[in-house]
Structures are given as C-alpha cells and as structure tokens.
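Letters A, B, ... mirror the listed sequences (proteins, then strands); counts begin at 1.
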Amino acid sequence: MKAKNIVFWLLFLVAGIWAQRFVPGVDMLAPGVLVSLQERRTAQTLWLLLIMILIQEGVGTFAFGAALLWYVAMLVVYFAGRWMFEAENFLFISLLGLCLGAAHLAIINSMQILQELGEIRKNLPMESLIQAFVFPVIWLVVRQLRKEWAPHADTI
Amino acid sequence: MSFKRIVLFAGVFLFVYLGLYAWNSRTGTIDRLAEHTGLEFVGLVLKPGLWAERGISDFWTHYIYLQDVRAENDRLAEQVRSMTLALSQAAEDQAELKRLRSLMLLTPPEGWIMRGSRVLAGRIGPLASFDSLLIGNGYFSGAGPGTPVATENGVIGRVLRAAPYTATILLLTDPNSSIAVISEKSRAAGILTGNGANAPLDLKYVTREAPLELGELLITSGRDNVFPKGLPVAVVTSIQDDVLVPFRRVQAESLVDTASLEEVALLERRIEHFGMPVRRGTGQGPMLPHEAGNAP
C-alpha cells in the first residue's frame, strides 16, 4: 500500500515537472499537497511539501524563501476557508486558486524588492491568472486519480 | 482554534522564517541544498524524456524522412556553423593584431575551452522569475556558477545556479544581467544590460565622445573577468544623444534567439597546474570541435 502511494506521488511529481516545463511560471505541483491534506495523511503531506519546496527553490531564480512562503500561503488560505466552506467543494477550490494567483503576484513582487533585483516581469499578471485557473483543474484531476488509485484513502 | 493560538503560530512561523532567511543569506546552505536536490531531481526527470523525444525525432528524420538529403543538410549546416565561428574569430584576431602592432605590450588572453550542453527547458516553476534556461550540465561537467554560455552566433548569458549535473543560465536579456562589452570598430566601452525577453538590450555608460555607429558589433571586453575577450554579443540598433545626460542612449539587439535554442556552448577557463594545462570537470557532456584544438 505504501509503495503504491510512493509510486503515485512520484508519477505525479514527474508529470507536474513536465507540465511546468510547458507552462513557465506556473506551479503544477501545489494541488497535490491539497489532495494529500484532504486525505488526512499528515506524514505524506509533510514529505510532499518538503520535496515540492526543494524542487521549486531549486529551479527558481530567487534566494531561499519564496517557495516556503508560497506553500504556507496556500495552507493558510485553505485552513481559513475551511471555516466557511466544505473542503472538497469545487467553488472553494476555485476561490483558493484565485487567492493563490494573487499570492503568486504578491510573493514574486515582494521577493524582487526584498532581494533588490531588477524589474518585475511584464507577463507576471498573466502567469498569476493562469495559476489561478489551472489550480482547480489539476486538483480535480488529481483527486479523481487518487480515488481510482487509492479508493480507501480517507477524505475530509 | 483560538485567536491567541493563531497569533502564536503566526509569530513562531515568522520568527523561524526570518531566522532561516537570514541564516541562508549569510551561508547559502539552503540554496545549495535546493540546488543539489530539487534542481538535480528536475534535471533527472527531464533528461530521459528529452532523450527519448530526440531519439524518436532523429529516427524519423534520418531513417524514414528523406534519409540522404537530411544527412547532407546536417553536414552542410554543421560546416556553416563552424565556418561562421571561425570567420568571427579570424576578424577579431585581425583587429587584435592591428592593436598589438601599436601596443607592443598586451597580456595574452588566457586559454578557454568549450563544451556542449543540451537545453532541457526554459523558465520552469513559479519562482523562476528571471529570463533563464535549464541545461543538462552542472558543476561536475563544466557549468559552475558564473560560467559564460554562448552559441556559434554569440554570447547568451552565464550560469546562475548549478547542481552536479544540471544548471540554470541567466540570459543576457534579463534585467539582472550585465556584461562588459566594447564595440568592434570604434572600441567604445559600455555595460550591456537586459530589458526582458523580446525587448532591446541597453548599452550603458557610453560616453558622448565615443564614435559608436549603428549596426556595429558589440563584443565582450573581458573586463568583467567573467567572459573571455572578443565574443560577439549584440548589434547596435539605436543611438540617441541628450545634452543633459553625460552618456549616449544606446540600444542593441542580441545575436541569438534564445527561444529556439537546443544546444549551447559552455566556456571553461583552462587552468594550469604546476605549469601544465589541465581540464576541470570529469569530461561529461558532448565535446565541440574547437575543444580538440584547445584542450591539453
């Protein structure tokens, strides 16, 4: 069961990295963390978070800090939203996607200023928009795949 | 969860985050960890797929689709590439000879060797904010941080971050990139900086007295101690003078279209050990023809 899980998430990471190659500036891995959180698998979620932070920091061009902020922002919005919405509600996940789009814009801007780097990319708002719309779609796909792959996984 | 606990969590996170951020700024430990794990993992994921893609593409183009014509075309294209570089080097050699005759004393440029590397991807991930490329060589294979990167047409940038076998190149079109250049004919010096993808480059600090001309080739001056002297970088496309500013406003266009790059050349300084030239790295990555002539 554990090996099957590892294989699933390894395949997810490979697919996500390839997807990121074709859509620059967009995080295709973040919805995986959300699906894992909704399965209430704390250890699995923490491992995924650690791996994703290392991947995004590794391929990113900023000094350390942005990936950690990015994933923490997602978790904060998710836990705050759970007070008002059902965790697996597609509308809630779409709103979360919009918040993440805004967070993408805010974090990149903050890091550019904090690390005294050059001008901000002109296509950053477009990337944030793509991030906002892609997030719920990937979440839906991954959730369906997880239901097929691990039907007994406990969901919220 | 009570409000007090939320505030406590936020405070602890902020404290830990700022602590890690400050510690990493001083030591770079987490950046190195991310390069050795995350960047290298992404390289490992992309390389087999690209290898398979190229294999299928090569099989199709070389064995099924007009086998002979394609092979002939490849050979001729390779010849043209070699000759373009040789011609560019010869022109620079000639210019250098003229200056040497008048200057008699000139420190000879240090030896450099070239190594080929495949482009794995463009910008990848939400935090790849700079104009950059991911390549299939790392610091074990000639792509340490700061290594100059070029193609047969000219300079494209330098290595920004490096893992053992994967690296990120900062392209010269990025606003954070600066290269010391001189114009080929008038020898006007300046700093070439980027303005983002698909935007002209700025040539800064060119004095009003400098006899720079439109269409003049800009080559690396070697003064930044990063790039070897004499590599073509860009062509001057616009010059404006303003009486209120002590420098000319010069724009230039890169010689390389980075969007369609598949391979690049890494320029490695040849280092000497007890008077004998040696090569850094472990010999990974495809060799370029020039290396055979330059390598010890």
Interchain contact, [X] with chain A, by part (heavy-atom threshold 4.5 Å):
| X | answer |
| --- | --- |
| Leu160(B) | side chain |
| Leu120(B) | backbone |
| Arg123(B) | both |
| Ser129(B) | both |

Would you say that more than 12 heavy atoms from the other residues, nucleotides or ligands in this model lie under 6.0 Å from the [atom1] of [X], or not?
| X | atom1 | value |
| --- | --- | --- |
| Arg54(B) | CZ | yes |
| Tyr17(B) | OH | yes |
| Phe133(A) | CZ | no |
| Glu263(B) | CD | yes |
| Asp242(B) | CG | yes |

If we only count heavy atoms from C-beta on, is the [X] to [Y] side-chain gap below 4.5 Å?
| X | Y | result |
| --- | --- | --- |
| Ile124(B) | Ile17(A) | yes |
| Arg21(A) | Leu50(B) | yes |
| Pro126(B) | Gln20(A) | yes |

(request) Rounded to the nearest 0.5 Å, what's the gap from CG on Leu13(A) to CZ on Phe41(B)? Could you check? (result) 5.0 Å

(message) Which one wins on heavy-atom pair count under 4.5 Å against chain A: Leu39(B), Leu127(B), Asp31(B)?
(response) Leu127(B)

(request) Heavy-atom distances under 4.5 Å only: say whether Met52(A) touches chain B with side chain, backbone, both or neither. (result) neither

(request) Report the option among Phe79(A), Trp18(A), Phe22(A) that has the most heavy-atom pairs separated by less than 4.5 Å from atoms of chain B. (result) Trp18(A)

(request) Specify which of Ile53(A), Val26(A), Leu29(A), Ile107(A) makes the most heavy-atom pairs with chain B at under 4.5 Å. (result) Val26(A)

(message) According to side-chain hydrogen bond (donor to acceptor under 3.5 Å, both in side chains), who are the partners of Asn123(A), at least two apart in sequence or on a separate chain?
(response) Arg121(A)

(message) I need the contact set between residues 54-75 of chain A and chain B: heavy-atom distance under 4.5 Å, sorted by residue number.
(response) Leu54(A), Ile55(A), Gln56(A), Glu57(A), Gly58(A), Val59(A), Gly60(A), Thr61(A), Phe62(A), Ala63(A), Phe64(A), Gly65(A), Ala66(A), Ala67(A), Leu68(A), Leu69(A), Trp70(A), Val72(A)

